[in-house]
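Have a look at the structure below, then the notes.
To find a chain, count down the sequence lines: A is the first, B the second, and so on, and within it residues start at 1.
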Amino acid sequence: MVEQYNARQVEEKIKTSEKPKVSGTYNPKETETRIKSFWEKEKIYRFDSKKKGKIYSIDTPPPTLSGKMHIGHAYSYSQQDFIVRFHRMNGNVFYPFGTDDNGLPTERLVEKLNNVKSKTMKREDFIKMCLKTLKEITPDFIADWKNLGVSCDYDIYYSTIDNNSRKLAQKSFIELYKKGLIYKKGFPTLWCPDCQTSVAQAELDDKELPSLFSTLRFKCNDKDLLIATTRPELLGACVAVFVNPSDKRYKNIVGKKAKVPLFNFEVPIIEDESADIEKGTGVLMICSYGDKYDAEAINRHKLSPKIVLNYNGSLNIEPYSGLKLKDARKKILEDLKNNGFIVEQKQISHNVNTHDKCGTEIEFLPTKQWFIKILDKKKKFLEQGNKIKWHPEFMHKRYDNWVNGLEWDWNISRDRHFGVPIPVWECEKCKEIIVADEKELPIDPTEHKKKCTKCKIEAKAEGKVLDTWMTSSISPQIVSSLVKTSENSKIEIPFSLRPQAHDIIRTWLFYTVVKSLYQENEIPWNNVFISGFVTLGGEKMSKSKGNVISPQEVMEKYSADALRFAAAGAKLGEDSDYQEKDLVTGKKFETKLWNASNFVFMNLTGYDGKKPKKIERIDELFLMKLNELVKTCTESFENYEYSRAKIETEKFFWQIFCDNYLEIVKKRIYENKAGEKSSQYALYNGLLTILKLIAPIMPFITEEIYQSYYSKNEAYKSIHLSRWPTVEKVDKTDELDVFINILTKVRYEKSKAQKSMKAEVKLVLTKEEKSKIVDLLEDLKDVCCAREINEGKEFGVEFV
RNA sequence: GGGCUAUUAGGCUAGUGGCAAACCGAUUCCUUUACACGGAAUAUUCACCAGUUCGAUUCUGGUAUGGCCCACCA
């Protein structure tokens, strides 16, 4: 069992421990639990609204509340936390937390947990049940984020279905409606027959499906007119037949009528560029509606559509009434075949659009929906995109591609039961729209009666709900509303950062830009930080494939710090493959950090914290080298390149600090040589700096080491509130490199001779070598175990 | 079909206009005043073809192969 400590006990422990606690083996499980409660108790990550100075604000992504944290979350939230922790050490951060529970996944979860069906309940009651259920299950869900060390201020919390979020989403609707940016229109829209709702372009997925490509026999003046189709079930909705104007084969029949097989009605034969001469038979049948081009074509030629599809995906045309699309297709093909209307049939595979929530093939149905105008502002959205700094830069292209490819206005209404209601009523007589008063929000119009201001009769409540992105797209406004602002701490839009994954650039990211432009006339954030996915063996993880890595188990086995360490290896924006060896490396790094700290503290007895008058050259060179690392890490973190900071710090700590510097100063410290104080100074500050540099990535172990030694001398109660190391201007010198180079050569000779590194030698250096490290000869002698160092024509090692 | 991105040691990945690198693994050795969960060393490598350049793994163009996004869907 994990031993539980509270913060007071931690304090006691620290106070009462005379000797440095860093000894024995590192126990991450116990430590992480204890450090986590210390952070919570001391409110280390609380947003301080009174603190002066610039605020680094984060538009934290709210994870969907369903099930548990998955490994992708673990990586991406770690990555954003690296950046946040770096900025916290440079000033004040605003890092709220939210959960997304306004969507289908949560609806299903709540239904399952309470054994109810939302559609049979009053919407208001279902939302109440959601809020109650969520209150019960959310703490457990969030626990994983806390265990991982994600340093949000969890008191600044929102849920996308809570009263405040619903209120702001409705307010946003009303604001945009009043600005004339929202309209309601009957239109053939993307429709999911399974969810029985309209959907937005951004919710479409591709699916490669097998299909039958059938060439059918239409009739024109008793002659055959062959037309190929994959959608025979829509024959009854055929309203025209198109041929290309430059297709000589069909010139003579343009303007005549074609007879639709099986249904026996006639449709006009029209010239239209959209018919591809090469494809099929070159004749194209237009149905209402097979796809968006049908919709456009029907509009273009002012044809009247024949709607044969019901909202639930069944046909309404005899004799196929009531049959679902797939069954109807089967039956119609059968009938066509039996009547000799099929000339040719082949199996093909083609991509179809499906609904990303349920995988059902998307249909087109004319329904009345609410839209936000976006098509006429493409240029403006591209401009906004240009004002944002993208990390990595190439993700900007994805945004541009999406904006350029937009073909529909944003459909924001959904025919679902659960969600944020659209706060309007419509007079059935004069079609006047009555919007809710801001004071009434959040409101469910179906629960309230409103009269038409003109006709004075009762208006009809809108039954539809808003697209969940309608709420998510105002996340900056939602989190801003959660804190009281003071002079010092205005949470302003644009925020500093939006961290998110690349799969929702077209939705969350884009829609937030839209809202921010329409509501604030601003970009929502100055920086966007796009993380990649976590794969296993190069493949996407999914429950169905069974190749899922559970972050809870990884944390259990390797520690949260090790998991974060692995996440820090992933390059920004790129998918990274989960490799167990990265966790092994992370754990080893912990051990090494622990042992090295142990060694440093052991040798700091008698150190008074003051800077000695004389700093030995070797100590100075080490601190200068470290200064270069500080510079690199600072720049890297500023540019969101946490992985570079991690690699450089790891390399420096292991290779320069442990393998070389500690070995070099050992003898001086053991033997209380003259430069001891100087080395102690360098050890104390060197280790502290290294700890700070790696603290954003490994917050637990660095805090533990800080608490066990440094906190009593340093001004800050947590390493995560301490100040990031500053970069000093120093002259460059290669003395240390030359020194290490010589040391390497000595080690090589010892290794070749199969001798211990402690074997005593006589060393011969060239005049040039010797002159470069003239101040370091005594150190070289110590670390090489050299009895003497002589000058000669060439480098040489002699064993004694 | 368009866009983006990638191709580096046995595996997984950094990186750079001028001796090619970390980690895991393999091989050889080393040990006891931080750490064998350690240290020293060894082997093996920049997809292909052109161009720019004194010099290209790095820049440019193309080819091949993979991934992602978008489009096509009669």
Side-chain angles (χ1 to χ4, degrees), chain A residues 22-23 25-26 201 204 206 208-209 211 213-216 227-232 234 241-242 274-276 279-287 290-294 297 348-353 392-402 404-407 502-503 505-506 532-533 535 537-540 569-571 573-582 584-603 643-644 646-648 650-651 654-655 658-659 662-663 666-667 669-671 743-744 746-759:
Chain A
V22 182
S23 59
T25 37
Y26 179 58
Q201 188 184 351
L204 300 183
D206 293 347
E208 174 122 2
L209 290 174
S211 178
F213 192 48
S214 313
T215 306
L216 307 181
I227 302 179
T229 182
T230 55
R231 304 288 313 263
L234 291 179
V241 162
F242 282 4
S274 69
D276 186 339
K279 220 159 190 176
T281 60
V283 189
L284 170 65
M285 76 170 190
I286 300 298
C287 301
D291 55 44
K292 64 171 172 268
Y293 296 104
D294 283 350
I348 58 157
S349 162
H350 68 166
N351 284 323
V352 291
N353 279 133
E393 174 62 34
F394 68 79
M395 285 296 176
H396 185 181
K397 285 269 192 247
R398 293 223 178 159
Y399 172 86
D400 284 353
N401 278 350
W402 178 255
N404 281 323
L406 284 170
E407 297 188 74
H502 54 66
D503 56 334
I505 289 176
R506 63 185 187 172
F533 288 146
T535 57
E539 283 193 47
K540 258 190 194 172
K571 226 179 147 191
E574 313 248 343
D575 290 353
S576 76
D577 206 51
Y578 175 85
Q579 301 270 331
E580 190 142 10
K581 58 124 176 149
D582 295 333
V584 173
T585 309
K587 187 131 197 223
K588 278 189 182 178
F589 188 83
E590 275 180 355
T591 307
K592 190 77 174 174
L593 199 58
W594 185 257
N595 289 330
S597 302
N598 181 19
F599 173 74
V600 168
F601 299 149
M602 260 169 34
N603 292 299
S643 64
R644 178 148 185 241
K646 175 233 168 195
I647 288 171
E648 294 296 328
E650 181 188 6
K651 222 159 77 180
W654 210 294
Q655 294 170 12
C658 292
D659 293 345
L662 289 186
E663 292 301 324
K666 252 178 191 172
K667 200 145 193 175
I669 285 176
Y670 290 156
E671 296 174 8
L743 179 54
T744 303
V746 176
R747 284 169 172 169
Y748 171 78
E749 292 300 331
K750 288 185 179 179
S751 190
K752 206 168 79 175
Q754 303 203 340
K755 297 270 187 188
S756 157
M757 288 301 132
K758 289 190 172 139

TODO: For A/Lys651, answer base if it contacts any base atom (sugar-phosphate contacts may also be present), sugar-phosphate if it contacts only those atoms, and nothing otherwise; contact means non-hydrogen atoms under 4.0 Å.
DONE: nothing
Open item on the list: Looking at B/C72, I'd like to know if its phosphate oxygens (OP1 or OP2) sit under 4.0 Å from a side-chain N or O belonging to A/Tyr293.
Closed with: yes
- [ ] For nucleotides B/U60 and B/U53, find the distance between their P atoms and express it as a whole number of Å.
- [x] 16 Å
Open item on the list: Assuming nearest nucleotide by heavy-atom distance, tell me which of A/Asn401 and A/Lys588 is located more 5' along RNA chain B.
Closed with: A/Asn401
Identify each atom pair where a protein N or O and an N or O of nucleotides 40-42 of chain B are less than 3.5 Å apart, giving names and distance.
residue : atom : partner  : partner atom : Å
B/A40   : O2'  : A/Arg747 : O            : 3.2
B/A40   : N3   : A/Ser751 : OG           : 3.2

TODO: Determine: side-chain N/O of A/Lys292 to OP1/OP2 of B/C72, distance under 4.0 Å, yes or no.
DONE: yes
Open item on the list: Quick one, A/Glu663 with A/Lys666, criterion salt bridge (Lys or Arg N to Asp or Glu O under 4.0 Å). Give me CA distance, side-chain angles, the key distance, then yes/no.
Closed with: CA-CA 5 Å; A/Glu663 292 301 324; A/Lys666 252 178 191 172; 3.1 Å; yes
- [ ] Verify the contact: side-chain N or O of A/Lys571 to OP1 or OP2 of B/G15, cut-off strictly under 4.0 Å; return yes or no.
- [x] yes
Open item on the list: With a 3.5 Å limit on both atom pairs, tell me what B/A43 is paired to, counting Watson-Crick and G-U wobble, or say none.
Closed with: none
Open item on the list: Taking pairing as Watson-Crick or G-U wobble with both contacts under 3.5 Å, can you name the mate of B/U65, or confirm there isn't one?
Closed with: B/A6
Open item on the list: Any base atoms under 4.0 Å from A/Ala275, or only sugar-phosphate, or nothing? Heavy atoms, all strands.
Closed with: base
Task: B/A50 - base-pair partner by Watson-Crick or wobble geometry, distances under 3.5 Å - done: B/U60
TODO: Whole angstrom is fine here: how far is it from CG in A/Asn595 over to C1' in B/C35?
DONE: 4 Å
Task: Below 4.0 Å: OP1/OP2 of B/G39 and any side-chain N or O of A/Trp654 - done: yes
Open item on the list: Considering every strand and a 4.0 Å limit on heavy-atom distances, what is the contact class for A/Asp291: base, sugar-phosphate, or nothing?
Closed with: nothing
- [ ] Under a 3.5 Å limit for both distances, which nucleotide forms a Watson-Crick or G-U wobble pair with B/A14, could you say?
- [x] none
Task: Value in whole Å for how far the P atom of B/C70 lies from CE of A/Met395 - done: 12 Å
- [ ] Using the C1' atoms only, state how far B/C48 lies from B/A43, rounded to an integer number of Å.
- [x] 26 Å
Open item on the list: Please find the pair of heavy atoms, one from A/Val600 and one from A/Leu662, that lie closest to each other, and give the distance.
Closed with: CG2-CD2, 4.4 Å
Task: Spacing of the C1' atoms in B/C69 and B/G55 (rounded, Å) - done: 38 Å
Open item on the list: Working to the nearest 0.5 angstrom, can you tell me the gap between A/Asn603 CG and A/Ile669 CD1?
Closed with: 5.0 Å
TODO: Compare the minimum distances between each of B/U5, B/C35, B/C12 and the side chain of A/Glu574, then state the nucleotide with the smallest one.
DONE: B/U5
Open item on the list: Mind checking if A/Thr229 touches a base, just sugar-phosphate, or nothing, with heavy atoms under 4.0 Å?
Closed with: sugar-phosphate
TODO: Could you tell me whether A/Glu393 contacts a base, only the sugar-phosphate backbone, or nothing, with contacts defined as non-hydrogen atoms closer than 4.0 Å?
DONE: nothing
Open item on the list: With a 4.0 Å limit, can you tell me whether A/Lys646 has a side-chain N or O closer than that to the phosphate oxygens OP1/OP2 of B/A14?
Closed with: no
Open item on the list: Checking side-chain polar atoms at under 3.5 Å, does A/Thr535 have a donor or acceptor matched by the opposite partner on A/Asp575?
Closed with: no
TODO: Check the distance between B/U31's P and A/Gln754's CD and give it to me in whole angstrom.
DONE: 11 Å
Task: Aromatic contact, A/His350 with A/Phe213 (centres under 6.0 Å) - done: no
TODO: For nucleotides B/U5 and B/U45, find the distance between their C1' atoms and express it as a whole number of Å.
DONE: 23 Å
Task: Atom C1', compared across B/U27 and B/A64: separation rounded to whole Å - done: 36 Å
Open item on the list: I need the A/Glu648 CD to A/Ser643 OG distance, nearest 0.5 Å.
Closed with: 10.0 Å
- [ ] Between B/U44 and B/A9, how far apart are the C1' atoms? Round to whole Å, please.
- [x] 5 Å
Open item on the list: Closest approach to the side chain of A/Gln579, judged atom by atom: which nucleotide of B/A74, B/U31, B/C12 is it?
Closed with: B/C12
Task: Pairwise side-chain contact, A/Phe242 with A/Val283, heavy-atom cut-off 4.5 Å (strictly under) - done: no
Task: Span that lies between the C1' atom of B/C54 and that of B/C30, in whole angstrom - done: 46 Å
- [ ] Could you tell me whether a side-chain N or O of A/Asn353 sits under 3.5 Å from a main-chain N or O of A/Leu204, the two making a donor and an acceptor?
- [x] no
Task: hbond_proxy A/Lys587 side chain to B/C37 base (donor-acceptor, 3.5 Å cutoff) - done: no
TODO: Quick one: label A/Phe213 by what it contacts on the DNA or RNA (base, sugar-phosphate, nothing), any heavy atom closer than 4.0 Å.
DONE: sugar-phosphate
Task: Nucleotide of B/C12, B/C72, B/C68 approaching A/Arg398 most closely (side-chain heavy atoms) - done: B/C68
Open item on the list: Can you tell me if A/His350 touches the phosphate of B/A74, counting only side-chain N or O atoms and a distance under 4.0 Å to OP1 or OP2?
Closed with: yes
Open item on the list: What's the closest nucleotide to the side chain of A/Glu663 if the choices are B/A71, B/C35, B/C70?
Closed with: B/C35
- [ ] For residues A/Trp654 and A/Lys588, report the shortest heavy-atom separation together with the two atoms involved.
- [x] CH2-O, 4.0 Å
Task: Members of residues 279-287 of chain A that approach RNA chain B, where some heavy atom sits under 4.0 Å away - done: A/Lys279, A/Val283, A/Leu284
- [ ] Taking only the side-chain nitrogens and oxygens of A/Gln655, find out if one of them lies under 4.0 Å from OP1 or OP2 of B/G39.
- [x] no
- [ ] Take atom P in B/C12 and the same atom in B/A71, then report the distance between them in whole Å.
- [x] 32 Å
